[in-house]
Amino acid sequence: MDDATSGPGRQAEEHIAAWRGYLRKHRAIDENDRDELEDHLRSQIAALAEAGLAGDEAFLVAIKRVGALDALTREFAREHSERMWRHLVAGGASAADGGRAGRVEVLAACGLAVAAALSVKVPSLFGVTFTDGNEAFYARNASFFALPFVAAFLAWKRRVAPKKMALAVAPFAAMALAINAYPFAGDSATLPLAALHLPIALWLVAGYCYTGGRWESSARRMDFVRFSGELFIYFVLIALGGGVLTGVTLALFSAIGLNVEWLAQRWLVPCGAAGAVVFAAWLVEAKQSVVENMAPVLTRLFTPLFAAVLLAFLGTAAWAGVGFDVEREALIASDLLLALVLGLLLYAVSARDPRSAPGLFDWLQLTLVWCALLVDAAALAAIGVRISEFGFSPNKAAALGENVVLLVNLAWSAWLYLRFLRGRGPFDALARWQTTYLPVYSAWAAFVVVAFPPLFGFS
């Protein structure tokens, strides 16, 4: 739903955000129904506001006209609880259409997952296999074996208009042309950097498709954040199951004296990984109306654990007087840690009821953010010293930029969180900041992919 810039007013917008969060939390109404209800609610509020009612009054009257949503939620969940798992497998089809819509969605998702899996083998038709020194080619193009198919599924599910689809296709085409046209050296440091940053840059395109081409909506962007976390969890679970399947397959054939490692290396692992990304996206979409999100639950579990680890790390480093190591492994570990902290913050924000009063978990979250800020600042200082001594390199430049990008987000998040805890600002300001900042990560990743190779001579 597009964010209102005028009409309902700030108070009504806060009520609408809380109401939408309630529906999302209870999952009895899917996203399309939620959007339709919000459209109706906003039109009612606008009409009442024109009649002279204040924002609070307009919302209260409009919500009565829309219906008793609490009762609807409970009744819907009670009526359909016995069909929960059938609903999950059938893709959410209603009885009215005999499950046809659900079957179409399942077929679309499975078809795109198979297409993603087979796309991994397309280069081998032209003699470009995993062996024979072609690892660099597959590293460049790994993102294109899965993400375009995820974006296609989301665009189909959200019925993105053809004109808006052009905005999604163009970044994929531009990135594919750039990364394959660059003459990377054999031992290039910019090639792995570009390959690692490419999926980050392109994931925002999938987000554009997820929002139905309505990226300007903060609520839709936050929904995409939730979707991303859920997809990651499902992909990890699928990958673990795939690992077991691969191990069992190797063991079975080994028992009859056959070595089928080639099957795992050339088919099961690469093709399965590409198809699993698309399948995980479908699973998130299929279950969103019947199963509660796991990401917020894991956030509650790991936030205090990560806060304790960071506090112990900072305390030990200060007590021992040890500086921050800026070797490549240490930089990767610190950036991964900061990314995980940011993920915990995002999902804590997405799962929290903005109307709730500050509690212990909020203080734990703020502690985690401040600890991450200190780690980020220490890493930046060490990188600055290293650059001043030995000059720039692709890895140090990328680490410097990534830590600056993370530092800005974490610093402003800490400030907004502190204002909320002290009763000087709304919690929604923190949520809006997180979703507004998302394109910055994609822009930086795209800069690394496109600009770093020529800046460092493709070395």
Side-chain angles (χ1 to χ4, degrees), residues 1-3 5 13-14 17 20-21 24 167 171 196-211 213-232 295-296 299 303 306 334-352 354 362 365-377 379-380 398-421 425-451:
M1 205 52 39
D2 296 344
D3 292 340
T5 56
E13 285 295 334
E14 292 177 356
R20 188 180 178 93
R24 186 185 300 113
L167 297 176
L196 287 172
H197 285 79
L198 183 58
I200 301 174
L202 293 178
W203 189 239
L204 195 72
V205 182
Y208 175 80
C209 296
Y210 182 89
T211 62
R214 301 176 183 177
W215 184 257
E216 68 277 6
S217 170
S218 177
R220 285 178 178 268
R221 293 196 302 267
M222 185 57 76
D223 286 342
F224 177 63
V225 169
R226 296 186 186 92
F227 167 84
S228 301
E230 293 287 300
L231 186 147
F232 175 76
T299 298
T303 289
F306 270 90
S334 66
D335 287 342
L336 179 60
L337 174 64
L338 293 172
L340 288 172
V341 170
L342 181 63
L344 290 173
L345 175 63
L346 276 169
Y347 286 102
V349 170
S350 70
R352 193 187 189 285
D362 293 302
Q365 194 74 42
L366 181 60
T367 301
L368 179 64
V369 172
W370 276 111
C371 289
L373 267 174
L374 292 175
V375 172
D376 198 352
L380 277 171
L400 177 65
E402 286 157 10
N403 279 273
V404 169
V405 169
L406 289 168
L407 183 72
V408 172
N409 189 3
L410 291 169
W412 193 245
S413 297
W415 171 249
L416 292 175
Y417 223 140
L418 183 62
R419 280 177 55 83
F420 166 69
L421 291 173
F427 188 81
D428 285 339
L430 179 61
R432 286 194 299 271
W433 164 250
Q434 293 300 329
T435 59
T436 302
Y437 201 76
L438 290 176
V440 176
Y441 298 112
S442 184
W444 169 251
F447 181 79
V448 172
V449 174
V450 175

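Since the model is a prediction, treat every value here as computed from it, not as a measurement.
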Side chain to side chain contact (heavy atoms under 4.5 Å, CB included) between V375 and V341, worked out: CA-CA 11 Å; V375 172; V341 170; over 6 Å; no
CA sep, side-chain torsions, deciding dist, call: V225, Q434, side chain to side chain contact (heavy atoms under 4.5 Å, CB included): CA-CA 9 Å; V225 169; Q434 293 300 329; over 6 Å; no
Residues W215, R220; criterion side chain to side chain contact (heavy atoms under 4.5 Å, CB included); working and verdict: CA-CA 7 Å; W215 184 257; R220 285 178 178 268; over 6 Å; no
Chi angles and distances behind the side chain to side chain contact (heavy atoms under 4.5 Å, CB included) call for T435, F224: CA-CA 9 Å; T435 59; F224 177 63; over 6 Å; no
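Here the shortest heavy-atom pairing between V405 and Y437 reads O-OH, 2.7 Å. The heavy-atom pair separating L430 from L416 by the smallest distance is CA-CD1, 4.0 Å. Pairing each heavy atom of N409 with each of L342, the nearest pair is ND2-CD1, 3.2 Å. Minimum heavy-atom separation, R221 to T436: NH2-OG1, 3.5 Å. The two residues A201 and S442 make their nearest non-hydrogen contact at O-OG, 2.8 Å. Here the closest non-hydrogen pair linking P439 and L204 is CA-CD2, 3.9 Å.
Evaluation of the ring pair (Phe, Tyr, Trp, His ring centres under 6.0 Å) rule for F232 yields no partner, not counting sequence neighbours. For D428, the salt bridge (Lys or Arg N to Asp or Glu O under 4.0 Å) test picks out no residue, with sequence neighbours left out.
Using a 4.0 Å cut-off between charged side-chain N and carboxylate O, D223 and R226 make a salt bridge.
Looking only at atom types and distance, the side chain of S228 has a donor-acceptor partner in the side chain of W203 under 3.5 Å away.
More than 12 non-hydrogen atoms from other residues, nucleotides or ligands lie less than 6.0 angstrom from CH2 of W444. In the displayed structure, W412 atom CH2 is contacted under 6.0 Å by at most 12 heavy atoms of other residues, nucleotides or ligands.
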